[in-house]
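Taking it in order: structure first as structure tokens, then the write-up.
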Number of protein chains: 2
Amino acid sequence: MSLCVEPAIMKKKLNKKNSIQDLAAALQLSPATISRVLNNHPHVHEATRTKVMTMVEQVGYKRNVMASGLRTNKTNTIGLIVPRISMFLHTEVITTIQNGLHTHGYNLIICQSNDSLEIEKDLAQTMYASRVDAVIVACTLFTSDFSHFDVLTQNNIPVLFYDRVPVKPYPACVIKGDDFRGAYLATSHLIELGSKRIAYISGPIGCNIYIDRYAGFERAMQQHDMPVQKDLVFYHELTVDNARKSLHRLFARKPYPDAILAANDLTALTALAFAKEIGIAVPQELRIVGYSNDPRSSIVTPSITTVEQFPGRIGQVIVAELLRVLKNDMQSVAIDAPPIITPVELIRRMST
Amino acid sequence: MSLCVEPAIMKKKLNKKNSIQDLAAALQLSPATISRVLNNHPHVHEATRTKVMTMVEQVGYKRNVMASGLRTNKTNTIGLIVPRISMFLHTEVITTIQNGLHTHGYNLIICQSNDSLEIEKDLAQTMYASRVDAVIVACTLFTSDFSHFDVLTQNNIPVLFYDRVPVKPYPACVIKGDDFRGAYLATSHLIELGSKRIAYISGPIGCNIYIDRYAGFERAMQQHDMPVQKDLVFYHELTVDNARKSLHRLFARKPYPDAILAANDLTALTALAFAKEIGIAVPQELRIVGYSNDPRSSIVTPSITTVEQFPGRIGQVIVAELLRVLKNDMQSVAIDAPPIITPVELIRRMST
DNA sequence: TATTTTTACGAAAACGTTTCAGTAAATAAA
DNA sequence: TTTATTTACTGAAACGTTTTCGTAAAAATA
């Protein structure tokens with residue numbers, strides 16, 4: 001019997017309501033005054049301010065963000081949509097964003113699209129339903145139409161793209177790495193080392209990063225009067241399986257390529273493993289370059305030359321832009337705003 | 001002049017208010033009826049239901065979660081606190097949780113404590129302020145007191161720990177890997193291969209996972225009548241720098257250890273690199289075992305034997321438990337509930 | 001002292017949803 | 001037919017905050 005009532009008592013005791021109203025009643029003040037203290041409004045007497053603050057401390061009052069959010073139409077929450085948090089670039093970028101926003105009082109809702117356009121559409125809806133204050137997006141490989149983000153932009157929720165960004169004008173901030181330069185540097189590096197038959201394994205063309213990287217590759221080749229051989233260039237989603245298929249094609253018959261430029265590090269790692277399997281020496285017979293400076297690229301033997309994207313810096317830029325947009329309130333959704341380009345750097349290692 | 005008024009017009013037009021009230025007015029119904037339709041309440045005529053739903057579709061109505069959250073005291077949001085999302089185990093677990101919860105209509109707020117107790121305390125407060133429906137936590141290495149989570153449990157917000165969990169009884173769900181067994185299997189494996197001088201590099205004792213792993217190591221040694229040599233065991237945060245210091249101590253003078261059991265894969269990787277540097281052959285002169293089956297452990301040469309924790313499975317268990325707790329509402333915060341133990345498996349590779 | 005200005009606070013409405021209590025109409029039971 | 005029951009809906013209050021407007025009291029000015 002006594003056990004039956006226990007939970008009710010507990011619940012009652014635990015459910016100490018700590019609303020502004022309760023504070024007001026306890027202090028013989030109005031809720032308005034409490035609110036003003038909590039929001040650092042002027043025109044509140046110093047004595048009452050301290051009185052309120054000590055009471056707040058004492059009872060452990062925490063603002064109910066749903067109530068205040070309902071009233072102010074602000075959630076202090078930022079949404080983030082990435083293909084996969086396990087991708088090294090995103091892992092690092094997220095960490096920086098998360099820390100940066102936390103110091104400014106924002107929370108982060110992280111969602112993964114899994115590189116599925118359907119899920120991405122769904123997530124955009126969810127973000128709107130959650131009434132986040134802004135949304136940061138790295139698109140899927142297959143996002144060529146961006147109208148599913150309209151629900152956000154049309155409802156004054158700023159959208160900020162990074163890495164994989166719209167290729168068409170869209171009313172949103174755009175922050176992207178210098179993919180053209182990254183691929184250009186990598187290709188030039190291979191050429192200068194004497195590579196003659198350079199293969200390029202690209203992601204699906206249609207995604208801005210692969211468009212730009214291909215352009216960088218092409219430009220470097222042209223500058224050195226080297227023709228781009230179509231049969232040495234592959235376009236597909238950069239999975240291990242796909243990479244292996246392309247590698248099989250590349251090494252089906254001689255002459256073998258003497259260098260592989262991979263549009264990401266996973267593909268470079270796969271190429272390295274493949275070369276070992278078929279007994280080709282890296283870098284003597286085959287040079288390999290990757291992209292992103294994934295930590296794995298530095299621990300394999302030989303370590304892989306790759307392109308550093310400075311994800312921490314990208315994260316910082318995102319946070320800075322975001323805070324700027326949130327301050328200016330809708331100011332920077334200009335459809336013609338130029339993208340912000342973040343720098344890259346070639347990391348030379350043993351594979352070249 | 002005309003440019004000046006444009007934005008105001010835009011704003012007005014874009015800010016199409018789509019509240020339940022607006023729908024009600026448009027359909028000559030009361031807000032209550034709309035709400036019942038949206039929440040699938042019974043006692044609503046089929047004709048009106050379809051009428052409402054078509055209108056909802058048409059205007060793209062999305063429930064304002066802050067308003068409904070304020071009323072119902074539910075946010076449909078789950079909080080997650082991990083040391084770092086870049087840690088392989090957590091990356092995978094998060095992905096599973098995220099996908100699982102999304103199908104049940106929950107959002108996930110992910111925060112990183114950065115292995116800082118201060119930040120963890122802060123985040124617990126933030127989670128309460130956000131009024132999340134539940135919180136999932138993998139503690140910092142240094143969390144031995146758990147009272148900063150009281151603000152959650154005392155306010156009926158269920159807490160669920162995984163991986164790094166309270167070592168003392170605490171009113172929360174606990175899900176942990178079988179760390180004892182993992183270390184036991186790994187140690188037995190080394191012994192059976194003939195290792196005589198087995199070094200163990202552990203994380204700081206005080207954290208449950210390292211307590212359990214040490215116990216597993218000790219038990220395997222005892223079973224084979226091998227004494228645990230104190231000077232071959234190291235306890236410290238498992239960073240590269242710390243690992244290298246211990247390795248220097250281990251190889252300062254002979255006899256060298258003939259096997260190293262590392263309490264995580266990063267340390268195992270560091271040991272492997274160190275062995276290469278000083279010209280010790282792995283596995284001939286030194287066997288190395290790690291923990292977690294980080295992808296890096298399989299791509300180095302030689303590949304590293306390690307303990308698989310099945311992070312996807314851990315994530316599934318977490319989701320299942322979470323949904324159960326959320327359904328039962330506070331039922332399972334019994335302080336004496338036994339922890340759920342998830343299985344592990346030894347992955348044999350070239351390093352042994 | 002009388003008037004204006006400033007300061008400190010309160011009353012009340014609003015945000016958009018959910019839900020309790022109630023009511024009219026339709027159906028079933030007497 | 002009358003009475004009870006079910007069905008389909010409405011009105012209004014509530015959730016906890018913020019903010020506008022208003023008003024006393026205090027301070028500054030005349």
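Convention: sequence-line order gives letters A, B, ...; per-chain numbering from 1. Any value given below was found using the heavy atoms of this structure, including those in side chains, with hydrogens, waters and symmetry copies removed.
Atom CG of A/Leu70 and atom C1' of C/dT18 are 12 Å apart (whole Å). The nearest whole Å value for the distance from the NE2 atom in B/His43 to the C1' atom in C/dA24 is 16 Å. Atom C1' of nucleotide D/dT10 and atom CD1 of B/Ile20 are separated by 14 Å, given to the nearest angstrom. Regarding B/Asn18, its CG atom lies at a distance of 15 Å from the C1' atom of C/dC15, rounded to whole Å. Rounding to whole angstrom units, NE2 of residue B/His41 and P of D/dT7 are separated by 16 Å. At whole-Å resolution of the value, CZ in B/Arg63 and P in D/dC15 are 20 Å apart. Spacing between atom NE2 of A/His45 and atom P of C/dG10 amounts to 13 Å, rounded to whole angstrom units. Residue A/Ile34 contributes atom CD1, which lies 8 Å from atom P of C/dG10 at whole-angstrom precision.
Inter-axis angle, ends of the helix from C/dT1-D/dA30 to C/dA30-D/dT1, five pairs per end, rounded to 10 degrees: 40°.
Residues B/Arg84 and A/Thr95 have side chains not in contact (no heavy-atom distance under 4.5 Å, counting atoms from C-beta outward). Taking the side chain as every heavy atom from C-beta outward, A/Val82 and A/Leu80 approach each other to under 4.5 Å. When side chains are defined from C-beta on, A/Leu101 does not count as touching A/Asn107, because their heavy atoms never get closer than 4.5 Å.
Residue A/Ala67 places its side chain closer to D/dG16 than to any other of D/dT10, D/dG16, C/dT17. Here the nucleotide nearest the side chain of A/Tyr61, chosen from C/dC9, C/dT18, D/dT17, is D/dT17. You'll find that the side chain of B/Ser19 is closest to C/dT17, out of C/dT17, D/dG16, D/dA8.
Partners of B/Asp150 according to the side chain to side chain contact (heavy atoms under 4.5 Å, CB included) rule, which considers only residues two or more places apart in sequence or in another chain, are B/Ser147, B/Thr153, B/Gln154, B/Tyr170. Listed by chain and number, the residues in a salt bridge (Lys or Arg N to Asp or Glu O under 4.0 Å) with B/Arg164 are B/Asp115 (sequence neighbours excluded).
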Are there any protein N/O atoms within less than 3.5 Å of an N/O atom in nucleotides 20-22 of chain D, and if so, which ones and at what distance?
none

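Mapped onto DNA chain D by nearest heavy atom, A/Thr33 and B/Leu29 fall at different nucleotides, with B/Leu29 at the one closer to the 5' end. Heavy-atom nearest nucleotides on DNA chain C were determined for A/Ser30 and for A/Thr72, and the one closer to the 5' end corresponds to A/Ser30. Residues A/Ser35 and B/Thr48 each lie close to DNA chain D; by heavy-atom proximity, the contact nearer the 5' end of the strand is made by B/Thr48.
Each salt bridge (charged side-chain N to carboxylate O under 4.0 Å, His left out) pair with one or both residues in residues 124-134 of chain A, not counting sequence neighbours, would appear here, but there are none. Screening residues 40-57 of chain B for side-chain hydrogen bond (donor to acceptor under 3.5 Å, both in side chains), with sequence neighbours left out, gives no hits.
Atom NE2 of A/His148 and atom SG of A/Cys139 lie 6.5 Å apart (nearest 0.5 Å).
Across all non-hydrogen atoms, the minimal contact from A/Met66 to B/Val65 is SD-O, 4.5 Å. When all heavy atoms of B/Pro31 and B/Gln21 are compared, the closest pair comes out as CG-OE1, 3.8 Å.
Here B/Glu46 lies out of heavy-atom contact (under 4.0 Å) with every strand. Using a 4.0 Å heavy-atom distance criterion, B/Asn39 is classed as a sugar-phosphate-only contact.
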